[in-house]
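Have a look at this one before I ask anything.
So you know, we letter chains A, B, ... as the sequences are listed, proteins then strands, and number each from 1.
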There are 2 protein chains.
Amino acid sequence: MTGPKEKVADLPPAGPALQLDRFIPYRLSVLTNTVSMVIAGAYEREFGLSIPQWRVMAVLARYPDLSAVEVAERTAMDKVAVSRAIQGLLDEKRVLRAFDKGDRRRSILRLSAAGQAVYTRVAPMALRYEAELLSALSPSDQRTLDRLLTRLMEQAKSMQASRDV
Amino acid sequence: MTGPKEKVADLPPAGPALQLDRFIPYRLSVLTNTVSMVIAGAYEREFGLSIPQWRVMAVLARYPDLSAVEVAERTAMDKVAVSRAIQGLLDEKRVLRAFDKGDRRRSILRLSAAGQAVYTRVAPMALRYEAELLSALSPSDQRTLDRLLTRLMEQAKSMQASRDV
DNA sequence: GGAATATAGTTTCAATTGTAACCATTGGTT
DNA sequence: AACCAATGGTTACAATTGAAACTATATTCC
């Protein structure tokens, strides 16, 4: 009797159970990359805009006169990425920068007229891409997606936080 | 009468309607980055493994004796990324490489015993991270997520295809 | 008032990644 | 057989990104 029926150390043979194309983090990554490439290509082609630059413009359109760190908070970018994006936008005169009178380290950023003009053209394009992506889902599934993303983001943040204690 | 009721060119004033933190591509990107950082940090810390290397190992564990291009197809990586990942895995002797007799360009890749040993430890860890992430969702929501990701991925691919006609 | 400490933002340098060019080999065509 | 296009894979170079160091200003606290 070579195969005892009760539990002994019959370890599974080096481990299926993990199939990459069923693995959620992998699928998220591939989906995000695909979507980003499509959209980034369009921004770049049409407006010479990188994704970081687009993000900065999007928050400044809605919240003028933020400082760079405030932009960083609202875009989930680190301050170096924000600094570089802003540098590019300043070069192209799409953003105006002043400095706070009371605290001369703080910058005060807003879209220039040219920046506004660009933004009014990029934003609808962005929304069209989003709509096209979501058109694969029913309205009800779209609401569900929204909810799931919120929950997953919360959970991911908590996993991150528990890591770097 | 300054505001005619019928349609004239009353364009919306430079465009809210887009709020970055409600924009699905942005949210996908932030979620993916957060998840990837948590997991990549663990792989690196515990096994000195990059995400591309982990992906290559995952497919070789399941499908031994693939060539590099076949690995690339199954990991959604381009062939340069695969080449580099394999180079690293060869250096650490976690992967063995032979060459096809009939076609001497084709490599034949498989995990070494050491590679298998690493894999049997990484895979459960990966699954634990996935489970922890998904634990924020009910089982029913988990199934829904699976379905939504599949649909969205299909749609994203079709958007990509229609771009580079 | 003057150290020490913290914050805003930029610069620098190294590591990662993407694109294109590049061998080597194979398959097809004449 | 000799050429030419296609394929597998690597190399080289440029662009992007990340981490740490740095400058300048502001704040704290003795």
Side-chain angles (χ1 to χ4, degrees), chain A residues 29-30 32-34 36-41 43-45 48-56 59-60 65-91 95-110 160 164, chain B residues 29-30 32-34 36-41 43-45 48-56 59-60 65-91 95-110 160 164:
Chain A
S29 168
V30 175
T32 297
N33 287 343
T34 305
S36 291
M37 282 188 58
V38 170
I39 297 187
Y43 293 168
E44 170 60 42
R45 198 170 343 101
L49 217 54
S50 70
I51 293 234
Q53 288 177 341
W54 145 252
R55 287 187 182 179
V56 169
V59 312
L60 290 181
D65 297 338
L66 295 184
S67 72
V69 287
E70 287 163 344
V71 169
E73 285 159 12
R74 286 181 185 275
T75 53
M77 293 161 60
D78 71 275
K79 63 179 185 169
V80 177
V82 170
S83 172
R84 296 200 256 239
I86 289 175
Q87 193 51 58
L89 292 169
L90 286 172
D91 291 348
V95 161
L96 302 175
R97 177 168 61 183
F99 289 91
D100 190 290
K101 285 294 179 194
D103 182 345
R104 300 197 331 268
R105 295 169 306 177
R106 286 176 77 86
S107 56
I108 299 177
L109 303 161
R110 60 164 64 201
Q160 189 177 46
D164 46 54
Chain B
S29 168
V30 175
T32 296
N33 287 343
T34 306
S36 290
M37 282 188 59
V38 170
I39 297 187
Y43 292 169
E44 170 60 42
R45 196 169 347 99
L49 216 55
S50 69
I51 294 234
Q53 288 178 341
W54 145 252
R55 287 186 182 179
V56 169
V59 311
L60 290 181
D65 298 338
L66 295 184
S67 70
V69 286
E70 287 162 346
V71 169
E73 285 160 13
R74 287 182 185 275
T75 53
M77 293 161 61
D78 71 279
K79 62 180 186 168
V80 176
V82 170
S83 173
R84 296 200 257 239
I86 290 174
Q87 193 51 58
L89 292 169
L90 287 171
D91 292 348
V95 161
L96 302 174
R97 177 168 60 182
F99 290 90
D100 189 291
K101 286 294 178 194
D103 181 346
R104 300 195 334 267
R105 295 168 305 177
R106 286 177 75 87
S107 55
I108 299 177
L109 302 162
R110 60 164 64 202
Q160 189 177 43
D164 46 54

Self-check item: Outermost DNA chain C nucleotides near chain A [under 4.0 Å, heavy atoms]
Solution: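 Listing 5' to 3', DNA chain C meets chain A from dA6(C) to dT12(C).
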Quiz prompt | Closest non-hydrogen atom pair between Ile86(A) and Ala68(A), with its separation | solution =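 Smallest interatomic distance, heavy atoms only, reads CD1-CB, 4.2 Å.
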Practice problem: For Val69(A) and for Met37(A), locate the closest nucleotide of DNA chain C by heavy-atom distance; then report the residue assigned to the nucleotide nearer the 5' terminus. | Solution: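 Between the two, 5'-proximity favours Val69(A).
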Quiz item: Excluding sequence neighbours, so at least two apart, what forms side chain to side chain contact (heavy atoms under 4.5 Å, CB included) with Ser50(B)?
Solution: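 Residues passing side chain to side chain contact (heavy atoms under 4.5 Å, CB included) with Ser50(B): Pro52(B), Gln53(B).
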Self-check item: With sequence neighbours excluded, residues passing side chain to side chain contact (heavy atoms under 4.5 Å, CB included) with Leu66(A)
Solution: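 Partners of Leu66(A) by the side chain to side chain contact (heavy atoms under 4.5 Å, CB included) criterion, ordered by chain and then number, come out as Val59(A), Leu60(A), Tyr63(A), Glu70(A), Val71(A), Arg74(A).
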Exercise. For Ser50(A), report the nucleic acid contact type (base, sugar-phosphate, nothing); a contact means any heavy atom under 4.0 Å.
Key: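 Counting heavy atoms under 4.0 Å across all strands, no contact is made by Ser50(A).
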Quiz item: Which is the 5'-most and which the 3'-most nucleotide of DNA chain D that has an atom under 4.0 Å from a heavy atom of chain A?
Solution: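 Contacts span dT17(D) to dA26(D), reading 5' to 3'.
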Quiz item: For Val80(A), what residues pass the side chain to side chain contact (heavy atoms under 4.5 Å, CB included) criterion, not counting sequence neighbours?
Solution: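 With sequence neighbours excluded, Val80(A) shows a side chain to side chain contact (heavy atoms under 4.5 Å, CB included) to Asp78(A), Arg84(A), given in chain and number order.
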Self-check item: Residues within residues 97-108 of chain A bordering DNA chain D, heavy-atom distance below 4.0 Å
Solution: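 Going residue by residue through residues 97-108 of chain A, the ones with a heavy atom under 4.0 Å of DNA chain D turn out to be Gly102(A), Asp103(A), Arg104(A), Arg105(A).
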Quiz item: Heavy-atom distance under 4.5 Å between the side chains of Leu89(B) and Leu49(B), does that happen here?
Solution: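 Yes - at least one pair of side-chain heavy atoms lies under 4.5 Å apart.
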Exercise. Note down the inter-axis angle between the two ends of the helix from dG1(C)-dC30(D) to dT30(C)-dA1(D), five pairs each, to the nearest 10°.
Key: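 Here the helix ends are tilted 0° relative to one another.
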Quiz item: For the residue pair Val56(A) and Ala85(A), what are the closest heavy atoms and their distance?
Solution: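 Taking Val56(A) first and Ala85(A) second, the nearest heavy atoms are CG2-CB, 3.9 Å.
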Exercise. For Leu96(B), enumerate each residue passing the side chain to side chain contact (heavy atoms under 4.5 Å, CB included) test, keeping only those at least two apart in sequence or located in another chain.
Key: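 Testing Leu96(B) for side chain to side chain contact (heavy atoms under 4.5 Å, CB included), a comparison that skips the adjacent residues, returns Arg110(B), Ser112(B).
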Quiz item: Which residues within residues 74-81 of chain A lie with some heavy atom under 4.0 Å of an atom in DNA chain D?
Solution: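 Only Val80(A) qualify.
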Exercise. Specify the residue among Ala68(B) and Arg84(B) whose closest nucleotide of DNA chain D lies further upstream toward the 5′ end.
Key: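 In this pair, the answer is Ala68(B).
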Exercise. Please identify each residue that fulfils side-chain hydrogen bond (donor to acceptor under 3.5 Å, both in side chains) with Ser29(A), with sequence neighbours left out.
Key: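 side-chain hydrogen bond (donor to acceptor under 3.5 Å, both in side chains) list for Ser29(A), sorted by chain: Arg55(B).
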Quiz item: Pairs in or reaching into residues 95-104 of chain B: which pass salt bridge (Lys or Arg N to Asp or Glu O under 4.0 Å), with residues at least two apart or in two chains?
Solution: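 Checked against salt bridge (Lys or Arg N to Asp or Glu O under 4.0 Å) - neighbours excluded - the pairs reaching residues 95-104 of chain B are Asp103(B)-Arg105(B).
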Quiz item: What distance separates Lys79(B) NZ from Ser67(B) OG, expressed to the nearest 0.5 Å?
Solution: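 Answer rounded to 0.5 Å: 11.5 Å.
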Quiz prompt | Pairing residues for Gln87(A) by the side-chain hydrogen bond (donor to acceptor under 3.5 Å, both in side chains) criterion, not counting sequence neighbours | solution =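 Gln87(A): side-chain hydrogen bond (donor to acceptor under 3.5 Å, both in side chains) contacts with Asp91(A).
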